[in-house]
Structures are given as C-alpha cells and as structure tokens.
Engineer: 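Okay, handing you the structure first.
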Amino acid sequence: MKREVESRLARALREVARARGITAALPTPTMERPKKPEHGDFATNVALASAKVFGQKPQEIAAALRGALEGDPHFARIDVAGPGFLNVKLSPRAFHSALAEVLAEGRTFGRARAATGERINLEFVSANPTGPLHVGHGRSAVVGDIVGRLLDAAGHRVIREYYVNDAGNQVRLLAESVIAKARGEADPEGGYGANAYVDELGAWANDHYQELIETRAIAELSRRLVAVMLSGYTPGTGIQRTLRTLGIFHDVWSSEAAVHMDGRVERALDTLRKEGWLEDREGATFFLSTKLGDDKDRVVFKSDGGHTYFASDVAYHKDKLDRGFDRLIDVWGADHHGYIPRLSNALSALGLPKERFEVILVQMVSILKNGEPYRMGKRLGNFITIDEILEEIDEATGRPGSGRDAIRYYFAARRTDAHIDIDVEIAKKQSLDNPVYYLQYGHARLCSILKKGAEECGLLEGELPVDVDALAPLTHGDELAIVQLLAEWPDTIAEAARGREAHKIVTYLTTLTQSFQSYYTRLSKENDTILPRSSARADGSWRSDPATVAKVAARLAWVRAIRDVYAAGLELLGISAPERMDRVAVEETE
RNA sequence: GUGCCCGUAGCUCAGCUGGAUAGAGCGGCAGCCUUCUAAGCUGCUGGUCGCGCGUUCGAAUCGCGCCGGGCACGCCA
C-alpha cells in the first residue's frame, strides 16, 4: 500500500524534475503515516528534502507534485500543507485492494514467501548447567526465541543452539558441593552449597550416585550432574523443562567438553600460535588481542595449565562458522559486553569473517522486593527462578499457561537495551493485570464474531469474499484505517527482524488492538453492528436486503483479516491466542 | 579513571535511519453494558523529552561536553 503510493510519488518527482531540467540526484521519496488523521492517509516530506536540489521553495515543489499526481484514481485528495508537506488521501478502492491482499495470504501474510535469507546460527540461554534458570536467563531465553521466530518469518534459516559449559570449574564445583552436602562436610570455596536446590540435589545424588560420592569421582559425578541439571533430577526440575514451559526449544545442544575432546580447541590455538597471535608470558599464554584494538591481551592458558573459557569459546565459534553459517548471533547478558572485542578479534586472527559474528546484548534484570534490591547470582543463595514466577502467576490466574504468556509478554515488550526492574511483590499483584490479556482478549473477540457469523448467519470463514469489488461495502473510516494498519504488518516484521527487536511486534499488536476495540465500541454508539442484530439473525430477516448481506460479508472478511494478522503476531511472540476468554467476575465493592 | 547501555507523564515503558500539536499501559477523576464478550470503550488529569552547546528550514531523535543510574574493565564465569 505504502509502496504503491511511493512509486507513484517517485514517478511524479522525476516528471517535475525533468520539466525543470534538473539532472542532479533526487532524494528517494518516502511516505509515512501521519500522526494526525487530518493530515491524510499518507504524508511525505519529499518537497522539503528536495528544496536544495531544486533551488525552489518546498511549497512550490509540493504544489507541482500535486499537479502531477492529481487525476490518478488511486488518490481521493492531495493537499499541500505546512512548510511543504504533501498529504494524500487514498480512494476507498486503494484500501479494498490492500485488504484483498491480506485476505489472499491469511496467516502467512507478511512472512517471507521462501527461505531465501541467511543461514543463521542463533545461540541463546547457554546458562551454566549448575542451577535452575533465573529471571535474567528468562529474559535472554524469551528474547532469543522471539528473534528466532522473527528471523524465520523474514525468510532466514535459523538453527537454535544451546552451548553447554560442561567442562569448566563451575560444574566441578557443583559436584564438590554435592559431595560436601551428602557427607555433611563444609562447602568448598566458591561452591554452591548455599543454594536451596543443592540440598535437594545433594539428597537425591546421595540416593542415586552413592558410589561416585563415596569415591569422590568428581569428573564422573560432574558429567552426571550436568545431564540431570538439564533434563531434571525429579519431575518439575531441569533447565530443558523450564524452557519447554516457556515455549522455547533448541535444535542443537553443543557441549564444551566435546569441543575439547575433538581437539578443536587445540587446533584453533595451534593456528593462532603459528600465525604469531599467542605469546607466553608470566607462565601463562596470551592472545594478542591488543594488536586488533582490544584494551588488553587475553589469557587462553592459565599459569596452572588450565584453559580459560575464552579459549574454548574461540574454538566453538570457529566451529560454528566452519559449519557453514552465514551469520552467528549470540544472545548474551549485557554484563558480558566487554567480551565481544576479544572474541571477534580472535575470529579475525583465525582468518574468519568477524562481521558474520553478532551479539544481542540483553540488559540486566534487577529484582526488587518492596523497593529493596534482591540480590541475584548463583552463589548468593537467594535468587528468583523462572519456575517460581511461572507457578505464582498460573496460580494467581487459575489458568495454566498464563504464567508463560505473562512472562513472555513482559520480556518481549521492552527493548533489549533497557534495564528492567521487577518488584516481585508488584509483579504478583499485577499478574492479573498484565497487558498480555489485553492482546489476547482482542483476539478472542475477533474469533467470537467470526464464530457467530458462521453459526448464526451461515457465513463460513472459508467462504467469505476476498476480491476487491466484494469489499466495496467497507466505507467506515475506522475500517479503512485498520486496513492501512494491516498493510504495515509486513514492514513491521521485516523491521523487527532486521533490528532484532521483538518489542516492535508488541507495539504493533497493541496499536492494532486499540484500533479495533475502539472501533467496536464506537460502532455500537453509532447504532451499527458488524453482524446483524440478534433478532434479525434469529429470524433471518437480515437476508432480505442484498446490501446488508454484502456489507455483513465484507465486514466479516475484514474481521478475518485482522484476526489472521493478530494470530500471526501472537504466534511470533509465542503467546497463546485463545479463541475465547470468559468474562472475569467483577469484584464486589463494599 | 576507561569503555558500553540507559535517563521521555506520579510508576513501568514506546517513539530515536531528523518532520507538523511527544504517545500507551498502570494510577487518579468523570462517564458508557436490553444489542457482536465491560479482561472493553470515551473524556479529563498528568511532560523544562536529565542539563548545556552545536549541526539545520526543522532536534526527544544526530554530534560534542557535563550530570545521574546500571554494567564491565581477573590467569571468574
């Protein structure tokens, strides 16, 4: 819709320029939806932008453009306004043909028709398998998942990957803590003993891995513990189960230990050494990251002979590129931002294209309790897990799955580079008041209208009109404005995918809901309805007037288009789209 | 101290590839259910877009400098 107007405008601009003998490069004309409806359906500032090239006042150029555009049946009206804006109002038919396009594609409208984009490896969550996921992980998980859905919709081929840090100190410490717990010994330095789940885990491990604990077989115990931390040691535990509850899945689970065992780390480091990127000093081995602009050189082998995580990360990212991806996208907590230059430098040093490596930084989530900071962190003993929050919300609403919807909404609605404060007390109180229900209600209402239309008017969804002429009865200003909004859906997806910005989908859906809900109420104030009134539905009298029949059918088709875009939007967010939501009991006021 | 992110209504946040009178939700106040779901709608209330300078026809948006908050600056992850 917008593109059609823009191409007409571009043609007009070229005409006007030619008439004046102007050969210099012209600005690309762009149309946008004005904030004020009085400014028409679309507005452009191209006359202002062209003033220099033309050596003419913006108003004069705008007037000339109007002259060139007038007479085109696509437009109902063209005005020059303010300092030289050109405001255009489209003919109803332009809207009807835009709607016909939406109807032709239904739920796939706005998605890329074929996966012709990049092969993308999207790595997200990758939390250490040493404890349950907390809210910070939850944010990365939700953001990563939705970005993955967006990239799919934009025509990329996405592999979702979880990198399991199963080879380092942390898993060893967990094993030692579990042993200490099982034998009633003191927790090791930096151990996990202070965390409540370690009590449970210790007791469980004592029953299941008694021998490993007695012989202090730390390596083997670590291996087992990683597996159970991921898959769960009792029903209701496990990182994978938490992710599943959130509606999140990974295609590939890769193991850091495997990267080592295959010799991939060794090979990558050998290559770096051969190319002169490593230096032994002070008993350790450094990667010369400063040569490429980093602040410091970075250790790959510690003086105790062990490797750093950085060493295996280099090998792991090289491996991902070797697997043939056009792009690697990692979702990281913002506290790791200083890590980007060294990794990207290391990829360069290995002769790999570092511009294919990209990181989405997700800012911190701070937990407050009654306004006071509530410390998170695995070694502090008290942190809020995703499971706890999910349970609490499900319980508060009495609707399983509402916790997932609420959490996904909460994290999806905000830009990733904004810090988030969650006050657990307020979050609990607001769980029934979450804006996610507003979106879902909008969808339920649309579904309900379609259902009634099918059941009581015999207008089945699949048989609704989809061609331009049949849509002609749609003349209400609100109806046309919403069509324009629907026509923006493909651009919204593309833009959100390009910028990896999930929140744009939320913003779009909120606007769409507001527009529809507002129309819905206004229509009844205007003594009009989408479906015939119940009495006319019951006795079939509405069928006697062909104009009414055509109008009802056109409006239902329009409702279906909105519902389809809506459902597609909720699907991108991974939020359920209920077909009905029963009216909530109003609390009695005393 | 250096680097990155943030600072917009009482609160939580959109808007930021420069455009016309800066938006939404929550809160507060006042209204709207005999009709297709009131988990909704309408109106009112509420703003030095952190501060200053600059760039230009035009700045919440771009640049520079401050101020405030967060994060990172380990042979931790």
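Lettering follows sequence order; numbering is per chain, from 1. Here the structure is a predicted model, which means the values were calculated and not measured.
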Engineer: Does the side chain of R399(A) reach to within under 4.5 Å of the side chain of Y437(A), using non-hydrogen atoms?
Structural biologist: yes
Engineer: Measure from NZ or CZ of R445(A) to the centre of the six-membered ring of Y520(A) and say whether it is under 6.0 Å with the direction within 45° of the ring axis.
Structural biologist: yes
Engineer: For the atom pair OH (Y192(A)) and CG (N195(A)), what is the distance rounded to the nearest 0.5 Å?
Structural biologist: 8.0 Å
Engineer: For the side chain of F286(A), starting at C-beta, report the closest nucleotide among C75(B), C57(B), C71(B).
Structural biologist: C75(B)
Engineer: Tell me whether the OP1 or OP2 atom of C36(B) has a side-chain N or O from R445(A) closer than 4.0 Å.
Structural biologist: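 The answer is no; no side-chain N or O of R445(A) sits under 4.0 Å from OP1 or OP2.
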Engineer: Taking the six-membered ring for Trp, does H39(A) stack with A20(B) (centroid gap under 5.5 Å, planes within less than 30°)?
Structural biologist: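 Yes, aromatic ring over the base.
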Engineer: When the C1' atoms of C41(B) and C33(B) are considered, how many whole Å apart are they?
Structural biologist: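 Each nucleotide's C1' atom is 11 Å from the other's.
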Engineer: Any donor and acceptor pair, going by atom type alone, linking the side chain of D405(A) with main-chain N or O of S576(A) inside 3.5 Å?
Structural biologist: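 Yes; judged by distance alone, with no hydrogens or angles, the pair exists.
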Engineer: Among A77(B), G3(B), G15(B), which is the nearest nucleotide to the side chain of H503(A)?
Structural biologist: G15(B)
Engineer: Write down the distance separating the C1' atoms in A60(B) and U21(B), rounded off to the nearest Å.
Structural biologist: 15 Å
Engineer: Between G3(B) and U12(B), how far apart are the C1' atoms? Round to whole Å, please.
Structural biologist: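 Pairwise C1' distance, U12(B) against G3(B), rounds to 29 Å.
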Engineer: Roughly, in whole Å, what's the span from CG in L361(A) to P in C6(B)?
Structural biologist: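 Distance, rounded to whole Å: 11 Å.
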Engineer: Over all strands shown, is I449(A) touching base, sugar-phosphate only, or nothing at heavy-atom distances under 4.0 angstrom?
Structural biologist: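 Sugar-phosphate only.
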Engineer: Which of these nucleotides, A77(B), C13(B), A20(B), is closest to any side-chain atom of N87(A)?
Structural biologist: A20(B)
Engineer: With rounding to the closest Å, how many angstrom separate the C1' atoms on G23(B) and U45(B)?
Structural biologist: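 Approximately 16 Å lies between the C1' atom of G23(B) and that of U45(B).
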Engineer: Kindly state whether the pair H336(A) / A77(B) counts as stacked, where counting means centroids closer than 5.5 Å and planes tilted less than 30° apart.
Structural biologist: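 One would call H336(A) stacked on the A77(B) base.
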Engineer: Taking the six-membered ring of F286(A) (Phe, Tyr or Trp), confirm whether the NZ or CZ of R281(A) is under 6.0 Å from its centre and within 45° of its axis.
Structural biologist: yes
Engineer: Using the C1' atoms only, state how far C36(B) lies from G43(B), rounded to an integer number of Å.
Structural biologist: 25 Å
Engineer: Quickly work out the M581(A) CE to G40(B) P distance and round it to whole Å.
Structural biologist: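 Between P of G40(B) and CE of M581(A): 9 Å.
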Engineer: Is the aromatic ring centre of F85(A) closer than 5.5 Å to the centre of the six-membered base ring of A20(B), with the two planes inclined by less than 30°?
Structural biologist: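 It does: the ring sits over the base of A20(B).
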Engineer: What nucleotide, of G19(B), C76(B), C4(B), holds the atom closest to the side chain of K302(A)?
Structural biologist: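 The listed nucleotide nearest to K302(A)'s side chain is C76(B).
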Engineer: G7(B) P sits how many Å from Q363(A) CD, rounded?
Structural biologist: 11 Å
Engineer: Between A24(B) atom C1' and N434(A) atom CG, what is the distance in whole Å?
Structural biologist: 15 Å
Engineer: Closest approach to the side chain of R414(A), judged atom by atom: which nucleotide of C76(B), U12(B), C41(B) is it?
Structural biologist: U12(B)
Engineer: What integer distance in Å separates F411(A):CZ from A14(B):P?
Structural biologist: 14 Å
Engineer: Can you give me the dot-bracket string for RNA chain B, 5' to 3', counting Watson-Crick and G-U wobble pairs with both distances under 3.5 Å, using [ ] for crossing pairs and | for partners on another strand?
Structural biologist: (((((((..((((.....[...))))((((((.......))))))....(((((..]....))))))))))))....
Engineer: Measure the distance from OH on Y437(A) to C1' on A24(B) and round it to the nearest whole Å.
Structural biologist: 19 Å
Engineer: Please confirm whether the shortest side-chain N or O distance from K35(A) to OP1 or OP2 of A20(B) is below 4.0 Å.
Structural biologist: yes
Engineer: Would you say R415(A) reaches C6(B)'s phosphate, i.e. side-chain N/O to OP1/OP2 under 4.0 Å?
Structural biologist: yes
Engineer: Please round to the nearest 0.5 Å and tell me the distance separating atom CD of E189(A) and atom CD of E176(A).
Structural biologist: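 If we round to the nearest 0.5 Å, E189(A):CD and E176(A):CD are 11.0 Å apart.
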Engineer: State which of U35(B), C13(B), U42(B) makes the closest approach to the side chain of S534(A).
Structural biologist: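 Nearest to the side chain of S534(A) among the choices is U35(B).
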Engineer: For R537(A) and for R342(A), find the nucleotide of RNA chain B with the closest heavy atom, then tell me which residue's nucleotide is more 5'.
Structural biologist: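 Its nearest nucleotide being more 5', the pick is R537(A).
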Engineer: Give me the one residue out of K451(A), R560(A), R563(A) that meets side chain to side chain donor-acceptor pair (under 3.5 Å) with E461(A).
Structural biologist: R563(A)
Engineer: The side chain of T529(A) is closest to which nucleotide in this list: C36(B), C71(B), A20(B)?
Structural biologist: C36(B)
Engineer: Taking atom C1' in both C64(B) and C26(B), compute the distance separating them and give it to the nearest angstrom.
Structural biologist: 38 Å
Engineer: Could you check which residues of residues 287-297 of chain A get a heavy atom under 4.0 Å from RNA chain B? Sort them by number, please.
Structural biologist: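 Going residue by residue through residues 287-297 of chain A, the ones with a heavy atom under 4.0 Å of RNA chain B turn out to be K296(A).
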Engineer: Nearest to the side chain of A284(A), heavy atoms from C-beta on, is which of U42(B), C75(B), C36(B)?
Structural biologist: C75(B)
Engineer: With respect to the side chain of K504(A), which nucleotide from C16(B), A72(B), C75(B) is positioned closest?
Structural biologist: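 Of the options given, the side chain of K504(A) lies nearest C16(B).
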Engineer: Using the P atom in both, what is the distance from U8(B) to G15(B), to the nearest Å?
Structural biologist: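 Taking atom P in both U8(B) and G15(B), they lie 14 Å apart.
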Engineer: Between G25(B) atom P and Y410(A) atom OH, what is the distance in whole Å?
Structural biologist: 17 Å
Engineer: Distance check, C1' atoms only: C6(B) and C49(B), in whole angstrom units.
Structural biologist: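 The same atom, C1', in both gives a distance of 14 Å.
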Engineer: Check H39(A), E488(A), Q484(A) against R33(A) for a side chain to side chain donor-acceptor pair (under 3.5 Å) and give me the one that passes.
Structural biologist: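 That would be E488(A); it is the only one of H39(A), E488(A), Q484(A) passing the side chain to side chain donor-acceptor pair (under 3.5 Å) with R33(A).
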Engineer: Looking at C5(B), does its base get a donor-acceptor pair with the side chain of H419(A) below 3.5 Å?
Structural biologist: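 Counting by modelled atom types and ignoring angles, a donor-acceptor contact under 3.5 Å is found here.
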Engineer: Here's one to test your reading of the geometry: is the NZ or CZ of R414(A) within 45 degrees of the ring axis of Y410(A) and under 6.0 Å from its centre?
Structural biologist: yes
Engineer: Could you walk me through whether L150(A) and E501(A) satisfy the side-chain contact (heavy atoms from CB on, under 4.5 Å) test, starting with their C-alpha distance in whole Å, then the side-chain angles of each, then the deciding distance to 0.1 Å, before giving a yes or no?
Structural biologist: CA-CA 9 Å; L150(A) 283 171; E501(A) 296 169 303; over 6 Å; no
Engineer: Among A14(B), U21(B), G70(B), which is the nearest nucleotide to the side chain of M364(A)?
Structural biologist: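 Among A14(B), U21(B), G70(B), the one nearest the side chain of M364(A) is G70(B).
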Engineer: Would you check if I575(A) and H443(A) make a side-chain contact, meaning some heavy-atom pair closer than 4.5 Å?
Structural biologist: no
Engineer: Please confirm whether the shortest side-chain N or O distance from Y438(A) to OP1 or OP2 of C41(B) is below 4.0 Å.
Structural biologist: yes
Engineer: For A24(B), does OP1 or OP2 lie under 4.0 Å from any side-chain N or O of T511(A)?
Structural biologist: no
Engineer: Need to verify one output field. Residue with the more 5' nearest nucleotide on RNA chain B, T507(A) or I530(A)?
Structural biologist: T507(A)
Engineer: Does S303(A) make a side-chain donor-acceptor contact with the base of C75(B), cut-off 3.5 Å?
Structural biologist: yes
Engineer: Walk me through whether R77(A) and D79(A) qualify under salt bridge (charged side-chain N to carboxylate O under 4.0 Å, His left out).
Structural biologist: CA-CA 7 Å; R77(A) 202 178 148 178; D79(A) 295 311; 3.2 Å; yes
Engineer: In whole Å, what is the span from the CG atom of L523(A) to the C1' atom of C33(B)?
Structural biologist: 16 Å
Engineer: Between D394(A) and G401(A) (side chain of the first, backbone of the second, donor and acceptor by atom type, cut-off under 3.5 Å), is there such a pair?
Structural biologist: yes
